[in-house]
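One structure is given here, and the rest of the page talks about it.
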Amino acid sequence: MADLTAFQSWIAACSESITTHADDLTELDRAIGDADHGSNMRRGLSACAALADQEDFSSIDAYLKKVGMTLVSTVGGASGPLYGTFFLRLAGPLAASEDVGSREFGQALRAGVEGIVARGKAEAGDKTMYDAFSPALEAFESAAGSGAGLAEALQAAADAAAQGRDATEPMVARKGRASYLGERSAGHQDPGATSATLLIEAAAKTLA
Amino acid sequence: MIGLVVVSHSRALAEAAVALAAEMSPDDGPALEVAAGLDEQTTGTDAVAIAEALGRADDASGGAGVLVLVDLGSAVLSAEMALEMVDPDVAARVVISPAPLVEGLIAATVAAGTGADLPTCATEAGRGLDAKASHLGDAPGATAPPTEEVDEPGDWDAVEVSVTGEHGLHARPASRLVSTAATAAPDTRVRVRNVTTGTGPVDALSLSGVATLGARQGHVLRVEASGERAEEVLGQIERLAATAFGDEPGPAQPLADAAAPAPSVSEEPGVAGSGLEAAMGPAVLDQTVPEPDDLVAGTEQEEQDRLDRAVGQALEALDQLCARARRHLGDGQAEVFEAHAALLRDPELLGDVGRRISAGEAAPLAWQQAVHEIAARFEALPDAYLQERAQDVRSVGERVMRVLLEVAEPEALGEGVLVVDELDPALAISLDAGAIQGVVTRHGGALGHGVLIARARGVPVLTGAGARADVEAGTLIAFDARAGRLEIDPAPEVQTAFSQMLERRAAERQQALADTHLPVVTRDGVRVTVKANVSSVAVARLGAGLGAEGSGLVRTEAVFAQWHRAPTVDQQVEVYSAIADAFDPHAVTIRTWDVGGDKPLDFIPIEEEANPFLGVRGIRAFRQDPALLLDQLEALCRVARSHRINVLFPMVTSLDDVDWARARLQEAARRIGLSAPPHQLGVGIMVEVPAVAVRLARLAQGLDVISIGSNDLSQYTLAAERGNPNVATWSDGLDPSVLQLIRLICDRAPEGVVVSLCGELASDPEVAGLLVGLGVRELSASPSAVPTIKARLRAVSLRELQDLAASAVTARDAAAVRDLLTLHIQG
């Protein structure tokens with residue numbers, strides 16, 4: 001089970017992990033995009049991590065909504081509205097919860113991932129963050145369905161996300177800046193799938 | 001009236017787009033709101049800011065609706081997200097347009113200004129690309145131009161008007177036509193056809209429709225109106241047309257180069273030279289103008305008529321030169337002639353001549369005296385820019401004098417090999433390459449601006465021939481610039497040999513041109529990059545068209561050689577971007593101002609020195625006051641954010657020079673809010689001072705590129721000034737000492753640093769292979785030499801070039817190296 005403090009630790013861990021990997025993300029983005037993913041995400045998540053100190057939040061969903069809006073206004077690139085939508089939608093099913101279990105988080109994760117699809121209109125195999133989120137959601141639901149707790153289901157989701165991320169390497173991008181490269185985008189791991197995996201891995205470490 | 005919102009990653013981009021669109025709309029145009037960038041500097045989009053802008057635009061529109069123009073990627077996603085954030089009632093009145101940002105915004109602004117509703121404005125925005133698509137025809141990616149045919153029966157009144165503006169009915173005049181037609185809408189309809197091209201009719205309310213008429217200067221438009229106020233609106237349009245649609249002909253923009261079409265050298269005979277670097281033909285002499293003494297004056301009226309005719313003829317010639325320079329070399333070069341034409345219209349000058357004629361002088365003498373007087377007055381002024389005008393006055397004076405005294409103008413001399421003292425840029429641009437097969441200069445080196453322009457055009461030039469070129473008109477002259485060989489009145493067998501050599505080169509060049517866009521791989525699989533040296537936007541396009549894979553040297557001091565005042569950062573950004581665009585996707589290496597030595601720039605004063613080549617030149621000129629260098633570096637940092645470019649510092653001698661230059665680059669980056677220069681911006685130095693060659697491993701540490709300036713490296717190694725024909729025998733770049741230094745540089749360059757060679761040596765197809773053998777893998781040559789160099793390198797193996805290089809560095813002297821090259825080519 002995870003309370004508000006756990007969610008705040010999650011966001012802090014996301015910020016730390018993204019900051020650690022910012023240069024790698026930018027490097028990946030340099031290969032197939034515009035070399036700003038690392039710096040954009042670092043800026044966005046640092047702003048999110050600072051929220052907990054700036055404001056007292058009354059609920060998990062209010063906190064996650066603020067995280068979403070903060071990402072929308074600070075990331076700058078396409079990841080802003082995408083991750084922003086993810087957190088805004090994630091907040092929805094958690095509106096009444098003070099302590100979140102695997103069933104509720106599963107609903108929230110589904111809403112968040114569906115938000116990303118609605119916003120970015122991406123499909124599996126387009127070489128986007130969805131290629132990490134989609135297997136992660138599937139693995140989470142399957143683990144939770146067979147009785148796993150939040151920590152166990154999130155670990156399954158993180159493993160699936162990492163596999164999904166690795167699978168983006170040979171793909172040809174069909175969305176975003178990388179799609180301008182066509183066939184040349186193959187052979188590079190997708191930066192969005194990489195950052196998505198970092199966020200889920202951070203969740204596995206903190207939301208339990 | 002609907003409101004408009006511009007969503008872009010860059011605030012500067014959005015604000016500039018809005019400023020451009022605002023020029024199109026009358027004072028009471030639509031509300032234009034901007035939601036762009038995370039702040040002034042940081043690129044990105046913010047759905048919250050967009051939602052706020054939607055609110056403002058909706059308020060201003062009074063519920064008429066809001067059209068959103070977006071750039072790309074996250075702008076689209078954030079705009080969609082913003083729609084979910086605003087009041088659903090407002091969201092229902094918002095349309096996000098898929099139109100290209102700038103074109104769509106302009107079309108929508110004009111349509112909105114006429115009071116059109118949201119769906120109409122959205123359609124107009126969507127058709128914003130039509131004019132370009134129609135203009136570019138079959139260009140890849142161009143969509144078919146759906147010209148809006150508005151051919152419906154009814155009672156139509158009509159007038160015909162001429163397009164007099166020098167740029168035709170371009171965007172601004174077209175939008176004025178649309179606005180005027182809108183004053184009578186909707187009860188009176190107006191349509192336009194281009195009678196000259198037979199296009200149309202199109203609805204005069206449609207900016208994109210009007211733009212597809214392709215109305216150029218001189219075209220005739222038929223404007224038809226139907227409805228109550230038909231006569232009134234046609235009258236307004238007639239009056240508008242009489243002012244060139246509000247665009248009275250004015251002087252050309254100094255930067256119009258950037259927008260000029262690529263020079264189509266093959267289209268018009270006489271524009272492109274043979275590219276053979278050799279020529280044979282009768283000598284054509286530039287006739288000097290005799291002193292206008294001993295002239296008997298006719299009546300005052302006769303003399304005044306004579307003068308008017310001469311001025312008229314001179315103006316006509318200047319107009320033609322100007323048009324031609326604009327077509328083929330860009331507006332920057334055309335400006336030289338425009339400035340001259342402006343002087344010929346100067347009422348003060350003409351009035352002064354008139355008074356002298358009234359006093360009984362013959363026209364030529366009156367003209368000469370008036371010109372001298374005005375030139376002297378300019379020279380006495382304290383402002384350096386105005387002093388410079390004295391030269392223009394004299395040049396114009398001579399042009400009119402030639403007409404008055406019936407002495408042929410230099411650009412209309414006849415066929416053959418032109419012999420001149422020096423080749424100035426104006427003549428280099430204007431000479432008819434169809435008639436003039438080559439140029440021999442008595443003085444001046446191979447690197448004068450005029451010579452560079454002629455070379456870029458493919459006109460063979462042999463420089464510094466001295467007294468040997470003092471020949472009678474019509475004497476047969478043959479020369480080969482590659483070998484530095486000049487034959488005056490050659491014997492029949494020499495003539496035959498020359499003809500055969502020219503034929504061989506012509507055949508080789510034709511083949512080389514056919515393959516020039518293929519990369520160069522030697523027979524044993526080594527990749528060599530061949531780039532072009534560039535001195536203007538036009539030359540850049542020429543080089544790209546001839547197969548150059550980027551530019552290894554953009555001579556910025558040549559690009560702005562005609563300028564009297566320093567270009568602003570914005571102006572530089574425009575020009576450098578245009579040059580980089582010409583070579584996209586290849587990289588372009590831009591050298592910072594290389595002034596001093598033989599390269600004066602009006603806007604960078606250099607004190608006179610006893611030994612200018614050993615004095616304050618290159619970056620040395622900015623140590624005291626780096627302001628102009630910082631402006632240039634700022635421009636380069638800005639261009640580097642969207643283009644693949646390198647910056648190159650000239651005349652670096654010491655480690656301190658390198659550190660200082662890098663510190664200035666850092667300073668320039670900070671001026672645009674960056675903590676460091678953009679990582680895409682490669683940094684390099686010229687290697688032209690032997691001291692740098694010797695300590696290269698240390699000095700080039702951490703750089704991305706070094707460029708061997710073989711001209712200066714030769715003159716500094718051999719202590720012989722390159723422009724001085726008296727020491728030409730000592731300043732040969734093929735001297736084995738220079739070749740050894742080049743090999744040393746290639747060997748000592750730190751791992752990962754690209755070694756490029758951009759001097760004249762690289763432009764000689766017979767030497768290019770030797771350079772590759774010495775270790776150079778990137779050559780930057782005169783554009784016209786690119787095809788031949790590429791063809792030659794494809795035909796050889798690195799192995800044999802290395803053998804050639806090994807022999808060359810131990811040869812007795814430059815002449816022996818030349819013999820080796822000849823043997824290698826024949827073998």
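The structure displayed is predicted, hence computed values, not measured ones. Protein chains get the first letters and strands the later ones, always in sequence-line order, with residue 1 at the start of each.
- Within a 6.0 Å sphere centred on CD of A:Glu16, other residues, nucleotides and ligands contribute 12 heavy atoms or fewer.
- Enclosure of atom CZ in B:Arg671 by more than 12 non-hydrogen atoms of other residues, nucleotides or ligands within 6.0 angstrom is indicated.
- Heavy atoms of other residues, nucleotides or ligands lying less than 6.0 angstrom from CD of A:Glu169 number more than 12.
- When heavy atoms are compared at a cutoff of 4.5 Å, B:Gln680 does not approach chain A at all.
- Both the backbone and the side chain of B:Ala47 come within less than 4.5 Å of a heavy atom in chain A.
- The number of heavy-atom neighbours closer than 6.0 Å to CD of A:Glu123, taken from other residues, nucleotides and ligands shown, is 12 or below.
- To the nearest 0.5 Å, atoms CE (B:Met81) and CG (A:Leu88) are separated by 4.5 Å.
- Both the backbone and the side chain of A:Thr85 come within less than 4.5 Å of a heavy atom of chain B.
- Among A:Arg43, A:Arg119, A:Arg30, the residue with the largest count of heavy-atom pairs under 4.5 Å with chain B is A:Arg119.
- Environment of CD in A:Glu138: sparse, with no more than 12 heavy atoms of neighbouring residues, nucleotides or ligands closer than 6.0 Å.
- Comparing B:His679, B:Glu84, B:Met85 by heavy-atom pairs within less than 4.5 Å of chain A, the highest count is held by B:His679.
- Nearest heavy atom pair, residue B:Ser74 against residue A:Pro81, reads O-CG, 4.3 Å.
- Of the atoms belonging to B:Leu72, it is side-chain heavy atoms, and not backbone ones, that fall under 4.5 Å from chain A.
- For chain B, the nearby part of A:Leu82 is the side chain; its heavy atoms alone come within less than 4.5 Å.
- Atom CD1 in A:Ile116 sits 11.0 Å away from atom CG in B:Leu77 (nearest 0.5 Å).
- Interface residue A:Lys121: only side-chain heavy atoms are found under 4.5 Å from chain B.
- Contacts of B:Leu38 with chain A are made by side-chain atoms alone, with heavy-atom separations under 4.5 Å and no backbone atom involved.
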